[in-house]
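So the structure is just underneath, and the comments pick up after that.
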Amino acid sequence: METPQNEIFRDSIATVTEEGKRAWVFPKKPSGKYYKYRKWISYGLLAILFTSPFIKVNGNQFLMFNVLERRFNIFGFPFWPQDFHLFVISMIIGVVFITLFTVAFGRIFCGWICPQTIFMEMVFRRIEYWIEGDRGKQIRLSKQPWNAEKIRKKGLKLIIFAVISFLIANVFLAYIIGSDRLVQYIIDGPFNHLSTLVSLLIFTAVFYFVFAWFREQVCIIACPYGRLQGVLLDTKSIVVAYDHKRGESENGRKKFKKHEDRQALGHGDCIDCFQCVNVCPTGIDIRNGTQLECVNCTACMDECDHIMERINLPKGLIRYASEENIIKKKSFKLTARMKGYIAVLSIMVGLLIGMLFLRNDVEANVLRLPGQLYEHKENNIISNVFTYKLVNKTTNDINDVNIKLMSHKGTLKLVATHNSFVVPSQGISEGTLFVEINNAALTGDRNKIKIGIYAGDVLIETTTANFLGPRRFR
């Protein structure tokens, strides 16, 4: 079936030519109210991104995602491998929140918060404008032969891009291995840590490739979130939208002419100036409706408002609106789907808060030594051997730690250590212990015993273990 003429744009993307080659996008430098707001938000988020690995809260890095050692810090709270379920719940909450936000407000996350967009539009693209000039100058520079001017401008731009990519790679490495370790590696000299240096150079190459060459293709081709929005959006979602009712009217768009009564001629307010297309960082025509490539960056909104001001027509031809708002003039309301997402999000946030409150600073595991049965001693005493592991999740040493048997009358003896010991900050103490209980106090061949971990006289954690005894016959 042949595609209708007005729907041909859906068969291809703006960054690929009919021959299948890359069509470079040279967006016009945006300006206006929304662009100013985006700059403030973007630079604030960049400041948070670059400083978070170096901020400490109670001795913990503010944000750290050490995947290799499965240690994570979120807002200064440390999460160990034993807390991985909490980290997973946090990530699921993030996904549900973004899903809810997309259902309500479209792909606004991409245009205002996504690191890819912020780096591309507010860092690399602005450097490009500074060196090569605005849209027209960039197009002319691209078409002209390789002369001294082109080599100088392109070379300077790519060198600056490489330096910034290297800085970004260092910051991301600080998130992964920790800022203290990164600083120590720098002091020691990079060639003393070759594996880390290779990782850093790989990160740098990836960032350089993305921002110097792949660019908007990340949002159009690689990012799964762009595909997800096609499933989540509906006619009630607020997106960057062209008011086709007002822009087209009965007889469609028409170039602007002074002293012409457009309404009497049946033409809409759109003057077909193509400025909304020229300013778009992904090269689409927003007048074709909501599209996969649109990242809701509002550049077209600002540009259209400038044009409307010049020709004395009302602003808002392109604005934040839903399809129902444009066609039926309906205001935004929470739908049943949004309420469902809000309910799920509230339950999961409540669950996470509850689990955080129940989370202890010390994680204790006491397990019976594999392959060992019980030992029958004098005076009808049954002995089992266990291994213990104590994880200190805090940044302070826990002193005078001792382990006691709580559920049964008996003795608990540590092997190769004193009755009390120290669990180092963010460290692990492990060893072996014997538990001895009179057979008369046991109820069968498998007994659940409760063991308490004390810091001095203060109980800081409890755990359980299986204690084996003789099988009883009736």
Side-chain angles (χ1 to χ4, degrees), residues 44-91 93-94 115 167-190 192-193 195-197 199-200 203 349 352-365 388-403 417-418 420-431 452-463:
L45 291 174
L46 284 174
I48 293 172
L49 179 70
F50 278 90
T51 57
S52 290
F54 304 96
I55 295 174
K56 297 291 180 68
V57 178
N58 296 325
N60 294 314
Q61 189 169 307
F62 186 67
L63 288 174
M64 184 176 74
F65 304 95
N66 191 336
V67 180
L68 302 176
E69 298 177 6
R70 292 185 297 161
R71 289 180 56 185
F72 307 91
N73 289 349
I74 300 178
F75 306 133
F77 291 100
F79 292 87
W80 286 65
Q82 294 84 356
D83 300 316
F84 191 69
H85 60 289
L86 298 177
F87 180 76
V88 171
I89 291 174
S90 300
M91 294 300 101
I93 287 173
L167 291 175
I168 296 172
N170 274 274
V171 172
F172 271 76
L173 197 61
Y175 278 102
I176 295 173
I177 67 173
S179 56
D180 291 340
R181 189 183 298 181
L182 176 66
V183 171
Q184 188 58 52
Y185 286 178
I186 294 172
I187 293 171
D188 293 344
N192 291 323
H193 305 279
S195 60
T196 305
L197 178 61
S199 302
L200 183 63
F203 273 128
V349 169
L352 178 63
I353 291 173
M355 295 178 77
L356 286 173
F357 274 110
L358 293 173
R359 173 179 178 265
N360 289 332
D361 291 334
V362 176
E363 182 88 19
N365 283 302
Y388 67 88
K389 179 185 288 187
L390 305 181
V391 180
N392 181 1
K393 304 173 185 176
T394 70
T395 55
N396 300 312
D397 293 343
I398 301 178
N399 299 305
D400 195 20
V401 175
N402 53 89
I403 305 176
T417 186
H418 299 291
S420 64
F421 54 94
V422 176
V423 184
S425 63
Q426 296 190 4
I428 297 174
S429 288
E430 51 190 342
I453 315 299
Y454 291 80
D457 296 325
V458 179
L459 179 66
I460 58 175
E461 175 65 315
T462 60
T463 187

Using a 3.5 Å distance criterion without hydrogens, assess whether the side chain of Asn360 forms a donor-acceptor pair with backbone atoms of Val362. no
Start with the C-alpha distance between Phe62 and Lys56, add both sets of side-chain angles, then the distance that settles side chain to side chain contact (heavy atoms under 4.5 Å, CB included), and finish with yes or no. CA-CA 5 Å; Phe62 186 67; Lys56 297 291 180 68; over 6 Å; no
Minimum side-chain heavy-atom gap Tyr454-Asp400 below 4.5 Å: no
Donor-acceptor pair, side chain of Ser420 and main chain of Gly456, under 3.5 angstrom: no
About how many Å separate OH of Tyr388 and CG of Asn365, when rounded to the nearest 0.5 Å? 13.0 Å
Inter-residue atom distance Leu390.CG - Glu461.CD, 0.5 Å rounding: 9.0 Å
Counting only N and O atoms by type, is there a donor-acceptor contact under 3.5 Å from the side chain of Asn60 to the main-chain atoms of Gly76? yes
Rounded to the nearest 0.5 Å, what's the gap from NZ on Lys393 to CD on Glu363? Could you check? 4.0 Å
Test side chain to side chain contact (heavy atoms under 4.5 Å, CB included) applied to Ile403 and Phe421, step by step: CA-CA 10 Å; Ile403 305 176; Phe421 54 94; 4.2 Å; yes
Does one side chain, of Gln61 or Asp180, offer a donor that lies under 3.5 Å from an acceptor on the other? no
Do the side chain of Asp397 and the main chain of Ser425 share a donor and acceptor less than 3.5 angstrom apart? yes
Using a 6.0 Å cut-off, check whether atom NZ of Lys389 has over 12 heavy atoms from anything other than its own residue. no
Heavy atoms of Leu182 and Asn170 approach each other most closely as CD2-O, 3.3 Å
Between Ser52 and Tyr175 the two heavy atoms that sit nearest each other are CB-OH, 3.4 Å
More than 12 heavy atoms of other residues, nucleotides or ligands under 6.0 Å from CG of Asn58: is that the case? no
In this structure, CZ of Phe72 is separated from CE of Met91 (nearest 0.5 Å) by 8.5 Å
Non-hydrogen atoms of Leu49 and Val171 that approach each other most closely: O-CG1, 3.6 Å
For the pair Tyr185 and His193, name the ring-plane relationship: parallel under 30°, tilted 30 to 60°, perpendicular over 60°. parallel
Rounded to the nearest 0.5 Å, what's the gap from CZ on Phe77 to CG on Asp83? Could you check? 12.0 Å
Is the number of heavy atoms from other residues, nucleotides or ligands within 6.0 Å of CG (Asp188) greater than 12? yes
Mind checking whether Ile460 and Asp361 have side chains closer than 4.5 Å, heavy atoms only? no
Which heavy atom of Met355 sits nearest a heavy atom of Ile89, and at what distance? SD-CD1, 3.6 Å
Is the closest side-chain heavy-atom distance between Val349 and Ile93 below 4.5 Å? yes
Arg181 bridged to Glu69 by N-O distance under 4.0 Å: yes
What closest approach, in Å, do Leu352 and Leu86 show between heavy atoms, and which atom pair accounts for it? CD1-O, 3.9 Å
What distance do Ile453 atom CD1 and Thr463 atom OG1 have between them, rounded to the nearest 0.5 Å? 7.0 Å
I need the minimum non-hydrogen distance between Phe79 and Phe87, along with the two atoms involved. CD2-N, 4.5 Å
What about the rings of Phe172 and Phe203, do their centers lie closer together than 6.0 Å? no
